[in-house]
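Here's the structure, in structure tokens; my notes come after.
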Amino acid sequence: MQTIGLIGGMSWESTALYYRLINERVRDRVGKLHSAPLLLYSYDFQEIKEMQYAGRWREAATSLSEIARRLESAGARAIVLCTNTMHKLAPEIMASVTVPFIHIGDATAERIRAKGYRRVGLLGTRFTMEEDFYIDRLRAHDLDAMIPPADERAEVNRIIYDELCLGTVAAPSRRCYQEAMAALVERGAECIILGCTEITMLVGPDDTSVETFDTTAIHAETAADFAIG
């Protein structure tokens with residue numbers, strides 16, 4: 001199997017899911033005692049959040065690109081960035097390495113298109129929902145992304161940073177997400193993208209009337225499949 005380089009810690013809660021899901025996929029596909037060869041760099045997420053909210057994206061791009069290069073030098077044959085939001089910097093990271101960069105948006109969009117959906121509801125951080133980097137990636141796959149209104153986006157974002165990234169899973173927050181998804185479906189969403197790697201901790205297929213696409217699981221499975229070859 002080929003070694004995968006993981007850029008994690010954003011947050012460590014979801015990075016732990018990546019580790020488990022990648023190895024479960026390898027176990028199920030290859031069998032015996034096989035597990036994935038992985039190299040992991042885990043960030044101090046507080047530092048990343050401060051860069052995000054201060055708009056210090058160039059600094060963040062420099063840091064993530066350096067980590068990607070270090071993982072490649074250590075033997076990684078592909079790079080996996082274990083977060084949706086920081087895919088804002090995917091072009092800079094991709095330009096810094098010679099090995100493949102497994103893009104979470106592409107992996108998710110391909111799964112959705114395979115199911116025949118086109119109009120998707122998107123939940124994530126405010127950066128993912130409101131900026132072009134993620135929605136444009138979906139549009140490149142002929143997907144029409146819909147997001148909640150401003151007040152709901154603010155609460156969806158708050159729950160991610162203030163609760164899920166700290167491992168807190170609260171019933172009122174689950175109801176908030178259920179209501180946000182229901183409203184997207186009412187507006188015409190054919191499916192829902194759980195577009196933050198922590199959201200899978202809070203809601204899943206049983207929380208909405210349409211199919212959900214868990215970006216954490218999809219990305220992890222895609223990485224495992226690359227490792228297996």
Side-chain angles (χ1 to χ4, degrees), residues 10-11 14 17-18 52-53 55 57 60-61 80-94 101-161 164-165 173-223:
M10 298 172 280
S11 66
S14 62
L17 294 177
Y18 269 88
Q52 291 173 342
Y53 277 76
W57 295 105
V80 172
L81 180 59
C82 305
T83 163
N84 284 272
T85 298
M86 299 309 285
H87 274 71
K88 175 183 174 75
L89 305 177
E92 291 90 335
I93 299 170
M94 293 169 71
F101 178 87
I102 301 175
H103 197 293
I104 196 169
D106 290 341
T108 301
E110 288 165 7
R111 289 283 187 95
I112 294 170
R113 293 298 290 149
K115 291 292 189 77
Y117 300 124
R118 186 174 181 278
R119 301 190 70 191
V120 302
L122 174 63
L123 299 181
T125 67
R126 66 177 178 85
F127 306 102
T128 300
M129 292 186 288
E130 296 175 1
E131 298 188 20
D132 292 335
F133 71 92
Y134 202 89
I135 290 176
D136 281 351
R137 200 81 184 192
L138 299 177
R139 286 177 180 146
H141 291 268
D142 198 30
L143 295 176
D144 179 18
M146 307 164 60
I147 60 175
D151 58 337
E152 292 183 7
R153 294 198 302 270
E155 185 62 5
V156 166
N157 182 80
R158 185 200 66 77
I159 289 167
I160 291 170
Y161 282 98
L164 299 180
C165 287
S173 297
R174 179 174 290 111
R175 287 193 294 272
C176 172
Y177 272 56
Q178 290 170 337
E179 291 168 1
M181 291 189 290
L184 288 169
V185 172
E186 188 173 347
R187 288 167 48 198
E190 299 167 333
C191 62
I192 301 291
I193 297 175
L194 306 182
C196 176
T197 52
E198 284 80 24
I199 292 179
T200 185
M201 298 163 57
L202 184 65
V203 294
D206 296 333
D207 292 294
T208 181
S209 60
V210 297
E211 188 169 3
T212 58
F213 288 83
D214 175 1
T215 55
T216 310
I218 292 169
H219 204 201
E221 290 167 4
T222 304

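Numbers for residues simply follow the sequence, beginning at 1.
Atom SG of residue C191 and atom CD of residue E211 lie 7.0 Å apart, to the nearest 0.5 angstrom. If you take CD on E221 and CG on D214, they are separated by 8.5 Å, rounding to the nearest 0.5 Å. Atoms CD and CZ, from E110 and F213 in turn, are 12.5 Å apart once rounded to the nearest 0.5 Å. Residue M129 holds its CE atom at 6.0 Å from CG of N157, rounded to the nearest 0.5 Å. Atoms CG and CZ, from D106 and R113 in turn, are 13.5 Å apart once rounded to the nearest 0.5 Å. Distance CZ/R137 to NE2/H103: 4.0 Å, rounded to 0.5 Å.
Donor-acceptor pairing under 3.5 Å is lacking for the side chains of Q52 and T85. Side-chain atoms of Y18 and H219 include a donor-acceptor pair closer than 3.5 Å.
Annotation for A180 and L123: closest pair CB-CD2, 4.4 Å, computed over non-hydrogen atoms. Annotation for A107 and T222: closest pair CB-OG1, 3.6 Å, computed over non-hydrogen atoms. The nearest pair of heavy atoms linking S14 to C82 is OG-O, 4.1 Å. The two residues R119 and G188 have their closest heavy-atom pair at CB-O, 3.8 Å. Scanning all heavy atoms of the two residues, the minimum distance from P148 to L122 falls at CD-O, 3.5 Å. Nearest heavy-atom pair, A145 versus L138, reported as atom, atom and distance to 0.1 Å: CB-CD1, 4.0 Å.
Shown are I218, V80, T83, T197; of these, the side-chain contact (heavy atoms from CB on, under 4.5 Å) with I104 is made only by T197. With Y177 as the fixed residue, the side-chain contact (heavy atoms from CB on, under 4.5 Å) test singles out one of I199, D207, T208: I199. Tested against H87, the residues Y134, F101, F133 include a single ring pair (Phe, Tyr, Trp, His ring centres under 6.0 Å) partner, F101.
Taking the side chain as every heavy atom from C-beta outward, T108 and N84 never approach each other to under 4.5 Å. Taking the side chain as every heavy atom from C-beta outward, T216 and M201 never approach each other to under 4.5 Å. The shortest side-chain heavy-atom distance between I192 and V203 does not fall under the 4.5 Å cut-off. Side-chain contact between L89 and L81 is absent, with no heavy atoms from C-beta onward closer than 4.5 Å. Residues I160 and C165 have side chains in contact (heavy-atom distance under 4.5 Å, counting atoms from C-beta outward).
Taking a cutoff of 4.0 Å between a charged side-chain nitrogen and a carboxylate oxygen, E155 and R158 qualify as a salt bridge.
When atom types are taken as modelled, the side chain of E131 and the backbone of K88 share no donor-acceptor pair closer than 3.5 angstrom.
Cation-pi check for R126 over Y53 is met; the charged atom lies under 6.0 angstrom from the ring centroid and within 45 degrees of its normal.
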Requested in this report: Just do the ring-ring contact (aromatic ring centres under 6.0 Å, His included) check on W57 and F127 with the steps written out, would you?
Outcome: CA-CA 12 Å; W57 295 105; F127 306 102; 5.5 Å; yes
